[in-house]
Amino acid sequence: MLITCPYCGPRDVIEFTYQGDGNRERPQPASQDLDAWNAYVYDRLNPAGDHSEIWQHSGGCRAHLRVVRNTITHEILSTEFARGGHKSADNRAEDRP
Amino acid sequence: MAEQPLPERQSPLEPEYHPGSHGNFEHGVDVILSETRPGSILQLAAWPGEEKRLIEIIRKVTGLALPDGAGGGVSSGGRAAFGFAPGKFTVVDEAEGLAQAFAGSITPAIGTLTDLSHGRTAIRIAGPKAEWVMAKFFAIDFALPAFPLGAGRSTNHHDIFAQIQRSGADQFDIYVFRSFARSFWKALCHASEEVGYEVQ
Ligand SMILES: [Zn+2]
């Protein structure tokens, strides 16, 4: 399986670390909304098909990536930096300068 | 206060560093291995949006004009620089003291400088079979069109992180963690046996 890092180009999957489901919305740290925390910790879409995921190019440039992968075929449909215009998995993107 | 002279830096490769020809060299030596021992190895990082300012500072301090684009790099006159990650650059000088030359120019608003001179070991592989030997270690494309002169790459070999710069048409400089350098060096020597290698 090859993942095309936007910085490094196509690399073997062994250079990457899976950082989890990219669809989670992390509640604000002070939130006491137990349903929201429960959903963040446990609820997963688990689709048979295209899935938005966060991966880190840990054995290369170390950037965090948003990857859309097909869970049936393992085809990588898109890769982009997790930072930037898209909400990151932990919702912290908007806090960055 | 008088400045203390720096202690002599020792090579981590020393017990396994054997100058001369080795392996299958009867029909010629096809790669030359050496430790380049640069005096300065720096990691420079720009905050998002400050990359161009940092590239300009690198040009002013070192005279090296980094090309735009991921992994772009250049080497000339005992100095080298290349991008290894978004907004991050490795800058190398034969001479010690490059970190001091940058002092004051990389302000906290622009980014950071980390002096890795004692934390990395620089190994050079050169010769007609350099690409061949490198391809046995790293799952990246070493052909000149895919890995142009001066360019840098971040990758790893059995979890030993490595930065690689192409410093010649058939020459690569590999930067590895100093604590893993001897093990990597031994593996590189073994991998070079089949083509015949010389340690300089
Ligand atoms: Zn990468």
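To find a chain, count down the sequence lines: A is the first, B the second, and so on, and within it residues start at 1. These numbers come from the heavy atoms of this one structure, side chains and all, not from hydrogens, waters or symmetry mates.
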* To do: Mark yes when over 12 heavy atoms from residues, nucleotides or ligands other than B:Gln10 sit less than 6.0 Å from its CD; otherwise mark no.
  => no
* **Proximity breakdown for B:Phe84 and chain A, heavy-atom pairs closer than 4.5 Å** => backbone
* Asked: Taking everything shown except B:Lys136 itself, do over 12 heavy atoms lie less than 6.0 Å from its NZ?
  -> yes
* To do: Kindly check if the number of other-residue, nucleotide or ligand heavy atoms within 6.0 Å of NE2 (B:His18) is above 12?
  => yes
* Asked: Rounded to the nearest 0.5 Å, what separation is found between the CG atom of A:Asp12 and the CD1 atom of B:Ile140?
  -> 12.5 Å
* Structure fact -> Of the listed A:Gly9, A:Ala63, A:Gly60, A:Pro6, the one with the largest count of heavy-atom pairs under 4.5 Å with chain B is A:Gly60
* Flag yes if B:Ile174 and B:Tyr197 sit in one hydrophobic cluster, no otherwise; membership is Ile, Leu, Val, Met, Phe, Trp, Tyr, and two members link when side-chain heavy atoms are under 4.5 Å apart. => yes
* Contact check, side chains of A:Cys8 and B:Arg153, non-hydrogen atoms, under 4.5 Å -> no
* **Minimal non-hydrogen separation, A:Glu15 against B:Ser154, with atom names** => OE1-O, 4.4 Å
* To do: Answer yes if B:Leu13 and B:Phe172 sit in the same cluster of Ile, Leu, Val, Met, Phe, Trp and Tyr residues linked by side chain heavy atoms under 4.5 Å apart, and no otherwise.
  => yes
* For A:Arg62, is it the side chain, the backbone, both or neither that has a heavy atom under 4.5 Å from a heavy atom of chain B? -> neither
* **Within 6.0 angstrom of A:Leu2 CG, more than 12 heavy atoms from elsewhere** => yes
* To do: May I ask you to name which of B:Pro86, B:Gly71, B:Ala146 has the most heavy-atom pairs under 4.5 Å with chain A?
  => B:Pro86
* **Straight-line distance of B:Asn156 CG to A:Arg11 CZ, nearest 0.5 Å** => 9.0 Å
